[in-house]
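Quick note: residue numbers are just sequence positions, from 1. The basis for the numbers below is simple: all heavy atoms, side chains too, and nothing from hydrogens, waters or symmetry mates.
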Amino acid sequence: MTLGNETPTSINKPVHKPDRKWTRRQFLRAGFWGAAALLGGVSFSPVRKAFSTHRTAEEQIINGVKIPSNLLTFPKALEVARWVGDGLDFSTEVQSKTPYLNFNYATNSMNSTAGFSVGLNSISLYMATGDLRHLQKARDTADFLSTILPATGLVPVYNLTNHALDSRNVTFFVGDLSHSTVVQLVALLAKVDASYLPLMHKLADAIINYGINPANNLVWWNVDCHTGQKLYSTGTCYENQLGSSVTSAAEALLVAYWVDNRKTQYKTKALDILKAIWACRNKVTNLIPEVWDIDRNAVGSNIYPAGQFRYDDMGGAYVRGLLMAHTITGEPGIFNSLDTYVPALLEGIWDTSINSNQGGFRYLNNCIGSSSSNTVEIMYGLFIATMLTAEKVLGIGKYNIYDKCKQHADHVFNTSFGIKNYMVPHQLTPQGAYVGPNSDSQLGYATLQYPLGMAMLSQRSGDPSYRLGCNQVINTLLERHERGNNTTSPQGYVGIVETQYPYGYEFSYGDASSMAAAAYIPAYLLFNSLQPSSGVSINWLNDLPPLVFSLVAAPLWDTQKVRFARNVLTVSVSGAGTVNVADMGLGDIVAAKMDGASYLQFRSAVLTTQAGTHNYDLSFDPLLQAKR
């Protein structure tokens with residue numbers, strides 16, 4: 001797919017002069033400079049200053065909720081990405097000498113193995129900004145992967161110490177080294193640049209050829225990347241997680257099929273995997289255990305949480321897989337499973353004891369429908385987004401999906417019960433107390449999960465407090481997770497921080513995945529900033545929001561329909577009403593086009609839309625933006 005209205009910015013010349021010595025390659029790869037060019041030369045203050053005043057900021061009251069005024073905006077989100085990109089580039093050039101890094105703050109050194117998803121995740125930034133520098137970084141990563149890919153097509157473990165394939169020869173289907181994640185990211189790259197279709201085919205074919213147990217259509221946990229043979233380990237035996245791992249393999253094949261629908265075997269095998277997971281359910285409660293022995297075809301007992309399931313790692317993850325399959329294939333059996341599983345899941349995880357018997361989603365559950373542990377994990381943003389998307393597919397108002405999501409947000413997120421010092425603690429008791437002496441705030445959880453769900457809930461309810469409160473949480477997280485100076489260690493974000501004063505690093509480490517998580521923020525903020533009125537919808541891919549399909553893969557949308565580049569927002573909208581873009585932080589709309597023709601139906605930062613589906617180009621004045 002070629003983006004028609006791109007003008008390639010100069011990748012060989014710097015847009016601004018940096019205030020410290022960089023190598024030329026570092027400078028050219030830094031995302032901020034491309035973003036600044038796209039924004040018409042707008043300058044930003046350093047992240048430390050941009051995010052350091054929230055505790056004393058003037059607050060506004062929205063629907064009775066106090067919201068600090070200096071919330072995240074799209075330009076600030078681009079600055080976050082620039083800052084993280086600088087840290088990744090510093091590691092690339094100064095420390096690891098390779099663009100596939102994994103820096104460890106605990107040892108102040110590089111980890112031993114590369115994570116290819118880090119570089120490939122740049123496709124997320126490209127989709128959010130249209131900046132060709134991010135596209136090039138994804139290309140560089142894919143090009144290198146192509147040179148070391150074994151004949152099996154399985155993603156290898158690459159040793160950063162000796163720059164060779166690791167002797168462990170293991171490919172994991174979950175986590176930072178996930179083959180499935182790499183397939184999805186390369187597929188999105190191939191959607192933009194068809195020259196990467198052969199690499200996508202090799203990677204997707206490897207799932208079919210080596211990842212699936214033909215006896216039950218479930219996916220192995222890990223295999224030998226050279227031989228493709230299943231691997232036994234003492235800790236896991238042949239067990240795997242049906243939600244976050246097995247489902248992600250099906251998603252990878254679905255995305256590959258979406259990119260190249262000639263490969264019908266990808267669709268067939270993806271549906272086989274999802275149906276095989278459904279066959280593992282408790283036939284009475286329709287709830288599915290999270291862990292399964294792929295070899296014995298029975299409930300697992302080694303990997304946590306064995307015969308139980310977590311609300312999102314099994315529940316939401318599987319629903320996202322079903323949603324993707326339904327959207328891309330229209331398979332009736334998938335809709336039927338979704339229609340049965342969603343109400344069973346909501347009933348199976350709802351806990352009336354949470355927050356003084358107000359009720360909320362429980363973290364850990366038995367498949368017979370009873371409570372396994374009534375502790376509350378606060379990171380429910382992605383799950384809420386998943387459920388609201390399911391409601392859109394199943395029917396608005398069905399199974400009280402919206403009511404349950406709103407009740408959980410009202411009882412947990414929008415109260416002091418769940419948010420401590422503008423931060424999201426990992427785990428609380430049903431009474432809102434910390435579980436154990438510490439309660440960490442995890443950057444990856446929040447940046448990957450919260451924005452989408454809270455934005456969708458604000459749009460569904462008409463109440464902006466959810467998304468505005470969420471922006472403040474991310475704002476606080478970014479400030480308190482910040483670490484490094486590109487002198488002694490790369491600047492980036494530590495993965496886990498204590499939520500109680502003095503907000504120290506509970507675990508003093510940060511790796512490339514933690515840094516890369518912040519690269520999602522521009523994509524989320526772009527979605528979060530577009531506020532359509534009732535009856536109006538932004539046309540993301542298949543009219544579904546980005547990133548609802550997977551916990552870790554890049555946003556999945558059609559960048560011809562929703563894109564920001566050169567200070568112009570391009571957006572496809574259906575329905576007559578309005579779209580408010582004030583939250584982007586770009587100032588007022590100064591010019592607009594509808595379907596390529598001049599259009600005058602806008603005022604300040606509000607666009608008036610027409611009936612039907614139309615493409616709108618909204619221009620913003622960078623000088624006005626700078627004054628703001």
Side-chain angles (χ1 to χ4, degrees), residues 74 127-128 258 319-320 322-328 330 335 338 342 381-382 384-399 401-403 405-406 409 451-464 466-468 470 522-549 555-564 568-584 586 589 592-596 599 601-618:
F74 192 63
M127 288 179 140
W258 171 67
V319 171
R320 287 189 289 278
L322 293 174
L323 284 169
M324 176 180 277
H326 169 73
T327 300
I328 292 176
F335 180 89
L338 188 68
V342 167
L382 182 63
I384 286 175
T386 302
M387 290 298 104
L388 292 177
T389 303
E391 182 197 43
K392 193 169 186 177
V393 171
L394 297 174
I396 298 299
K398 204 167 186 181
Y399 303 130
I401 296 172
Y402 163 71
D403 292 337
C405 291
K406 188 175 185 304
L452 184 60
M454 294 302 111
M456 290 184 68
L457 193 55
S458 281
Q459 290 182 12
R460 178 75 165 80
S461 66
D463 182 349
Y466 302 107
R467 60 184 172 83
L468 294 178
C470 173
Y524 277 131
L525 262 293
L526 184 58
F527 177 79
N528 207 352
S529 299
L530 308 180
Q531 300 301 313
S533 63
S534 178
V536 175
S537 63
I538 307 297
N539 298 321
W540 307 91
L541 174 67
N542 296 306
D543 200 22
L544 296 175
L547 208 88
V548 74
F549 296 133
L556 180 60
W557 70 55
D558 187 340
T559 51
Q560 292 280 24
K561 294 181 178 179
V562 182
R563 188 165 66 93
F564 182 79
V568 176
L569 173 67
T570 299
V571 60
S572 174
V573 183
S574 294
T578 62
V579 177
N580 190 322
V581 295
D583 283 357
M584 287 189 73
L586 299 173
I589 303 169
K593 291 182 179 180
M594 184 179 77
D595 300 329
Y599 187 69
Q601 298 300 310
F602 61 87
R603 183 177 181 181
S604 298
V606 178
L607 171 74
T608 299
T609 60
Q610 303 299 313
T613 298
H614 302 277
N615 293 317
Y616 298 89
D617 293 309
L618 308 181

Closest contact, heavy atoms only, Ala611 versus Ala576: N-CB, 3.7 Å
Nearest-0.5 Å distance, CG of residue Asp583 to CG of residue Leu526: 12.0 Å
Residue list, ring pair (Phe, Tyr, Trp, His ring centres under 6.0 Å) with Tyr616, at least two apart or on another chain: Tyr599
Counterpart residues, salt bridge (charged side-chain N to carboxylate O under 4.0 Å, His left out), relative to Lys398 (two or more places apart): Asp339
Atom of Val319, atom of Ala390 and distance for their closest heavy-atom approach: CG1-CB, 4.3 Å
Interatomic spacing from CG in Leu394 to CG in Leu338 - rounded to 0.5 Å: 4.5 Å
Contact check, side chains of Leu382 and Arg320, non-hydrogen atoms, under 4.5 Å: yes
Residue pair Val571 / Val579, side-chain heavy-atom distance below 4.5 Å: no
Atom pair OG1/CZ of Thr578 and Arg603 - distance to nearest 0.5 Å: 13.0 Å
Nearest-0.5 Å distance that lies between atom CD in Glu391 and atom OH in Tyr399: 12.0 Å
Donor-acceptor contact present, side-chain Ser458 to main-chain Arg467, <3.5 Å: yes
Heavy-atom side-chain contact between Val562 and Thr570 under 4.5 Å: no
Nearest-0.5 Å distance that lies between atom CZ in Arg460 and atom CD1 in Ile384: 13.0 Å
Chi angles and distances behind the side chain to side chain contact (heavy atoms under 4.5 Å, CB included) call for Gln601, Gln610: CA-CA 9 Å; Gln601 298 300 310; Gln610 303 299 313; 4.2 Å; yes
Partner residues of Asp403 under the side chain to side chain donor-acceptor pair (under 3.5 Å) criterion, sequence neighbours left out: none
For Ser572, side-chain contact (heavy atoms from CB on, under 4.5 Å) partners two or more places apart: Asn539, Lys561, Thr613, Asn615
Phe335 side chain reached by Val393 side chain, heavy atoms, under 4.5 Å: yes
Side-chain heavy-atom pair Phe74, Leu569 within 4.5 angstrom cut-off: no
Pairwise side-chain contact, Asn528 with Met454, heavy-atom cut-off 4.5 Å (strictly under): no
Smallest separation among heavy atoms of Ile589 and Phe602, with atom names: O-CE1, 3.4 Å
Residues which pass side-chain contact (heavy atoms from CB on, under 4.5 Å) with Ser461, listed by chain and number, not counting sequence neighbours: Tyr402, Lys406, Asp463, Tyr466
Interatomic distance, Phe564 atom CZ to Leu525 atom CG [nearest 0.5 angstrom]: 12.5 Å
Nearest heavy-atom neighbours spanning Ile396 and Lys392: CD1-CA, 4.1 Å
Flag side-chain contact, heavy atom, 4.5 Å: Leu618 against Val568: no
Side-chain donor/acceptor of Thr609 to backbone N/O of Gly577, under 3.5 Å: yes
